[in-house]
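All values below come from the heavy atoms of this structure, side chains included, with hydrogens, waters and symmetry mates left out. A, B, ... follow the sequence lines: proteins, then strands. Residue 1 opens every chain.
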Amino acid sequence: MSTAFNEMYLGPQIRPPYAQLESWMRAMPADLRRQKQAEAEALFRRIGITFAVYGEGGDPDRLIPFDMFPRVFTHSEWARLERGIKQRAQALNAFLVDVYGRAEIIRAGRIPPSLVYQNEAFEKSVVGFVPPKGVYSHIVGIDIVRTGPTDFFVLEDNCRTPSGVSYMLESREMMMRMFPDLFRENRIQPVDRYHDLLRRTLTSVAPQKCRHDPTVVILTPGHFNSAYYEHSFLADLMGVELVEGQDLFVEGEFVYMRTTQGPKRVDVIYRRLDDAYIDPLCFRPDSMLGIPGLMDVYRSGGVSICSAPGAGVADDKAVYTYVPEMIRFYLGEEPILNNVPTWQCAKPDDLGYVLDNLGELVVKEVHGSGGYGMLVGPKSTKEQVETFRHKILNDPANYIAQPTLALSATPTFVDEGVAPRHVDLRPYCLVGERIELVPGGLTRVALTEGSLVVNSSQGGGVKDTWVLAE
Amino acid sequence: MLSRTADNLYWIARYMERAETAARLLEVGARISLLPTAQGYRNEWESILQSTGTQDAFAAKYGEAVQRNIESFLFFDRDNPSSVASCITQARENGRIVRTALTGQVWDALNTAFQDLRQFERAPRNVLELSRLTDWTMKQAAMVRGAIDATLLRNDGYDFLNLGYALERGDATARLMDVKYYILLPRVGVAAGVENDQWTMLLRAMSLNRAFHWAYGGEVTAQKIAHFLILNPHCPRALVTCLSDTQTALARLSKAYAQGTEAQAKASALQAEFDSLTPERIFDEGLHEFLSRFIRQTAEIASLVHENYLSGDMR
Amino acid sequence: MLLMIDHLTLYRYETPARGVVQSHRLMPSTCAGQEVVAWEVTVSGGVKGGGFRDGAGDWVQGWSVTGPVSEIAVQVRGKVATSDTAGVLRGHRETISPEVYLVPTAATALTGALPTLAKAGQGQATVLGAAHELSCAVTQAVAYQPGTTHAHTTAAEALALGAGVCQDHAHVLCAVARANQIPARYVSGYLSSDAQGAGHEAAHAWAELYIVGLGWVGFDPANACCPDARYVRLGSGLDSRDAAPIRGSARSTGAEWLDVTVAVQAMQQ
């Protein structure tokens, strides 16, 4: 791990964006640090920002670990990231409108049809539909890793309902509350416009039949969902209702919510629920979480759904490899942010290479998420590698592989003091009438020494992410 | 507001009040059991279960009605939906669902109660005295209620909370009074002094004994007690007070929504009946019969509140 | 041929439903060999919702009924002028790629004896030839026998039973066609019985297979033929649920009963 890029240093030198943090770190006595850490934890617990892990049982009120050492980007580093992220979000949306429309990219032979049409996230029921403003994915979460001073790679795209933005906002609140001096000494760009931009993004995609100020709601699977806190947090910030499927119903050409004063029309639904569950008449008939008839209203222009049903076809790990191609095809530009080189096990040549080099590679399920169902070759035992070899051979098309990247590390508070820990970055790009990005994102940190898995479901923590003003 | 939000708020109040009732019942039971018993008495603890309609569930799980088992059942038992632990957990969960409709202070009070409760559940039982548990419960209930009154906007959400409190409290007072009825069922051989002692215990469990003596003085009689707990609008737990609070909340809602409801009509009708009620008429009807009727009528109002506001089927 | 359709679906609810929402695929499209002369769908107490033409060219219409309601009647009445196109679907406005119909569903999963049956499609010089062979194989493998299967019987189960109704035939054909990389879809519609073809239900189902160069071609393994002038095509999907003429959901706690009567009569022209 000594080879990984530590974002605070360049050789023996402290990099300028971290200069002040370095002295802050040195000046902080251990007992103050522990006290602040306890304070942060108590605050998080009190406001109820918790994270339940699927299928693990245990404490449903588990806190996501918060590391007080911020991660910093310079203005110019961010400028490049921002251009790259927006470019990518735009191309992904162009791709979605295209594959549910004329499918030019497939006709042009730039992406194999089977990858799209036989993809389980391809939604037959929205073929021919162009959502308002031509946007399918309104909140694009793009996971980015860094391997050197100027080397950034996109690890994956999240076009459906990327989560974690509440941690970005709460981490900032926490830091400003605990260390106001840091914000006086450093010129840190604010992220608190996010909810305002999100609301504007959502109202900008009001449906065709809406001729008034649109009513926006957030649709949650319910209070047992691990991200419920985030759903309620965002609803509160935006001043919109947080609804469950049972709170909404279809009547005539519109969707209404059940209120104490009778039905109230709903125009835009920011859903945090998978496609399969949103309408039992169209998708899974056993879903109790959805709204019967929603898709008919949606397709006839009576309501907008964000992200649009079908958006998932753009973000699986096999389609991912074609995103640079999408950027060239739709925007006529070269990608600003590179993909991680990826081998698709569905291709015989790639499969051969992957099987020969399993010990060095990271292998992921095409539809997997949350760090589950993946193999990190260099960190695995021989047995684990062999188990995975069988899995891949049984269903090659379900796997992709990437080189094990030397993820950058940033200083992180640990029991012994401060030590480098690996991080990634998830910025949240908003796409509506305009494309917006707040200067910041969610930095996830692998708290275990040497670990590369940053997922909160696997013991990862979060940090505040700073973008410095010019 | 969303009907489901209104429902969650209403149930926060009902569960908090119910937790308090469970604690008060425990206290009544504990105190009554300290009194010298006369032959022919039923087991006082059993009467407490009877008044809450949970004696069968209790018997199935614990068998004999001894204090320790009752404590477990009324305080800790998650299988008993009316136990303090169940109620506080439910109140907090309802609060978590509508976290954004509450102030930080209200959420804090609910969440603190829940976190404390989990500490109790981990502690060895022999260090937890009954009085500590009941005092703690009443304190938590007061903290939540206080935070609501001090910090919440006086909007429709506030009305639904008050509605929940008022309906649950009226029901609870009626049930607590009815405990007395169960205890005294075999009237034969009961000395008047013992009866008065038990009324005093009841007042004490409701934290109302001093208020009672200030207001009425002299001997404790059934008539005075009935007047105090049923008809005296100064008494915060009196049925008439709860009914008036119910009526106020419903009237505010009707006004805010510019729409009257069956719930409001029903509450008004009941209140009109109370206006002409006297202790004599109550005893003519029979105290138990009167209380049973009140409990039933309160349940009818609650069911109309559900139908009119909480079910989401309002047009 | 001029076909008169009278299709009544009756829903009854044990405890009154507090609301009902339906999504209909009950509107035949006009295309070669099928001209809609008159068509009307009514839902008792219903409010017409949003309607749109989906990617596969079918008109989808939403309906809702505000409860409480104990009974709902969905009445379809219409007149369609038909002619024989030898099963070939032409002039049907659709934008969806046939490749979408290569995906198996729960009802058409390639399990049990289906892969063996699918071999009937091998060794044919043309895809059309293979399609005919597969349809024949399905006709032979699954006897028409009402009452042996139910609404949720899968293709593999029906094949194991060796018996079923038109829904099962269509499912089995979709499954084996897709196994041969031939896009296949389930079609729902009406069939007019004539003197020879008696015995089949008037609410009918068959399959369409995509033949490059020809387009979608209908195959009715239940009747060992391709759809002709006796057929009215309503809509299509990946399987029977996906192509269902009526999908609905009621907010009701009690039991629900369904009664369907369909009459299709050919009028002399």
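The residue among C:V47, C:L238, C:I96, C:V103 with the most heavy atom pairs within less than 4.5 Å of chain A is C:I96. Between chain C and the residues A:I106, A:V116, A:L281, the largest count of heavy-atom pairs under 4.5 Å involves A:L281. Of the listed residues (A:C282, A:G301, A:G101), the one with the most heavy-atom contacts under 4.5 Å to chain C is A:C282. Between chain C and the options A:G252, A:G293, A:P113, A:A103, the largest number of non-hydrogen pairs under 4.5 Å is found for A:G252. When each of C:G49, C:G51, C:G55 is scored by its heavy-atom pairs under 4.5 Å with chain A, the top score falls to C:G49.
Contact of A:P280 with chain C is made through the backbone alone, with heavy-atom distances under 4.5 Å. Heavy atoms of C:V60 lying under 4.5 Å from chain A belong exclusively to its side chain.
Closest of all the heavy-atom pairs between A:V250 and C:V21 is O-CG2, 3.7 Å.
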Write out all chain C-chain A donor-acceptor pairs shorter than 3.5 Å, or none if the list is empty.
| from | atom 1 | to | atom 2 | distance (Å) |
| --- | --- | --- | --- | --- |
| C:S23 | OG | A:D296 | OD1 | 3.4 |
| C:S23 | OG | A:D296 | OD2 | 2.7 |
| C:S64 | OG | A:G252 | N | 2.7 |
| C:T66 | OG1 | A:E251 | OE1 | 3.1 |
| C:R241 | NH2 | A:F283 | O | 2.3 |
| C:D242 | OD2 | A:K124 | NZ | 2.9 |
| C:R247 | NH1 | A:L281 | O | 2.6 |

